[in-house]
Amino acid sequence: AVETQLPAARSALLPQLLLSGQYSSTSQESSLNGNSSFNSSQYSISFSQAIFNFSAMNALKQARLSVQAAATLFSAQTQDLMMRFSRAYLGVLQAKNLLYYTQEQLNFAQDFYQITKKRYDKQFSTITELEQATQQVDLLKSQYIAEKINYEQLAQTLSNITAVAYKQFPAGKTQFIFQDKLPQDE
């Protein structure tokens, strides 16, 4: 709707040309004169141009400001959408990495529990060590569930922003190659 304001306001300042035409035909039968018909045509051209129309100039200025305001608002909304998308996407990736990290901790704790249980069975560990290993597994299981819920909520937020249902996100990088020398040292 804003796009049409500028041409409409500009048209009030342009010359106005009006063309009109009329044609009429009249037939008349009379017992005295016989048949008679009359044709008449009328044409007119009207041209007008306002020399100075303050209200039309003001309307044009207002229309330009409205278009400029709409463009600024659109730009701001686009930037806001990009920021919300970036935050949501990075949040999903971070949550995915935390979920992976928690899973690895849980796997380690379960392995440690199995080792501690075998040691306890052979009486090389105390019941306290076995209980601590059990509690560590339970704690990490609950943390894993919390991280999974957080990940799914962030993925849903991203889906709401983009209107795309994401099935999976790439996992973060788990293998890093360390270089002995920095590029500027070569």
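Keep in mind that what you see is a predicted model, and the values were worked out from it rather than measured. In this chain, residues are counted from 1 in sequence order.
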Worksheet item: With sequence neighbours left out, what residues match Arg84 under salt bridge (Lys or Arg N to Asp or Glu O under 4.0 Å)?
Response: Asp80

Practice prompt. For residues Thr126 and Tyr120, determine if any side-chain heavy atom of one lies less than 4.5 Å from a side-chain heavy atom of the other.
Written response: no

Worksheet entry | Joint cluster assignment, Val137 & Ile127, ILVMFWY side-chain distance < 4.5 Å | yes

Practice prompt. Measure the spacing between OH of Tyr151 and CG of Leu99 and express it to the nearest 0.5 Å.
Written response: 7.5 Å

Worksheet, complete the sentence: For Leu60 and Ala9 the tightest heavy-atom approach is CA-CB, 3.6 Å

Fill in: Phe85, CZ atom: more than 12 neighbouring heavy atoms under 6.0 Å
yes

Response to the item:
Here the gap from Lys148 atom NZ to Gln143 atom CD, rounded to the nearest 0.5 Å, amounts to 16.0 Å

Discussion item. Under 4.5 Å between side-chain heavy atoms, counting indirect links through other Ile/Leu/Val/Met/Phe/Trp/Tyr residues: same cluster for Tyr144 and Leu139 or not?
Written reply: no

Response to the item:
So CG of Leu140 and CD of Gln110: to nearest 0.5 Å the spacing works out to 8.5 Å

Practice prompt. Output the distance between atom CG (Leu19) and atom OG (Ser44), rounded to the nearest 0.5 Å.
Written response: 8.0 Å

Worksheet item: Tyr113, Phe124: one ILVMFWY side-chain cluster at the under-4.5 Å cut-off?
Response: no

Worksheet entry | Heavy-atom check, side chain of Gln135 versus side chain of Asp138, under 4.5 Å | no

Worksheet item: Where the side chain of Ser75 meets the backbone of Ala71, is there a donor-acceptor pair that is under 3.5 Å apart?
Response: no

Fill in: Closest non-hydrogen atom pair between Ala88 and Ile161, with its separation
CB-CD1, 3.8 Å

Worksheet item: Hey, mind stepping through Glu147 and Asn150 against side chain to side chain contact (heavy atoms under 4.5 Å, CB included) and telling me if it holds?
Response: CA-CA 5 Å; Glu147 292 299 335; Asn150 183 44; 4.2 Å; yes

Discussion item. To the closest 0.5 Å, what do you measure between CD1 (Ile115) and CG (Leu130)?
Written reply: 12.5 Å

Worksheet item: Is it true that atom CD of Glu152 has more than 12 heavy atoms of other residues, nucleotides or ligands lying nearer than 6.0 Å?
Response: yes

Discussion item. Going by side-chain hydrogen bond (donor to acceptor under 3.5 Å, both in side chains), name the residues that satisfy it together with Asp111, two or more places apart in sequence or in a different chain.
Written reply: none

Worksheet entry | Contacts of type side-chain hydrogen bond (donor to acceptor under 3.5 Å, both in side chains), residue Tyr101, not counting sequence neighbours | Gln105

Fill in: ILVMFWY network linking Leu158 to Met82, side-chain heavy atoms under 4.5 angstrom
no

Worksheet entry | Atom of Ala165, atom of Ser159 and distance for their closest heavy-atom approach | CA-OG, 3.9 Å

Item to complete: Answer yes or no: is there a side-chain heavy-atom contact under 4.5 Å between Ile149 and Ile145?
Response: yes

Worksheet item: Any link between Phe112 and Leu106 through a network of hydrophobic side chains (Ile, Leu, Val, Met, Phe, Trp, Tyr) touching at under 4.5 Å?
Response: no

Worksheet item: Take atom CD in Gln16; do more than 12 heavy atoms of anything else shown fall under 6.0 Å from it?
Response: yes

Discussion item. Once rounded to the nearest 0.5 Å, what's the spacing between atom CD of Glu129 and atom CD of Glu131?
Written reply: 11.5 Å

Practice prompt. State, with a plain yes or no, whether a side-chain heavy atom of Gln94 is found less than 4.5 Å away from one of Leu90.
Written response: no

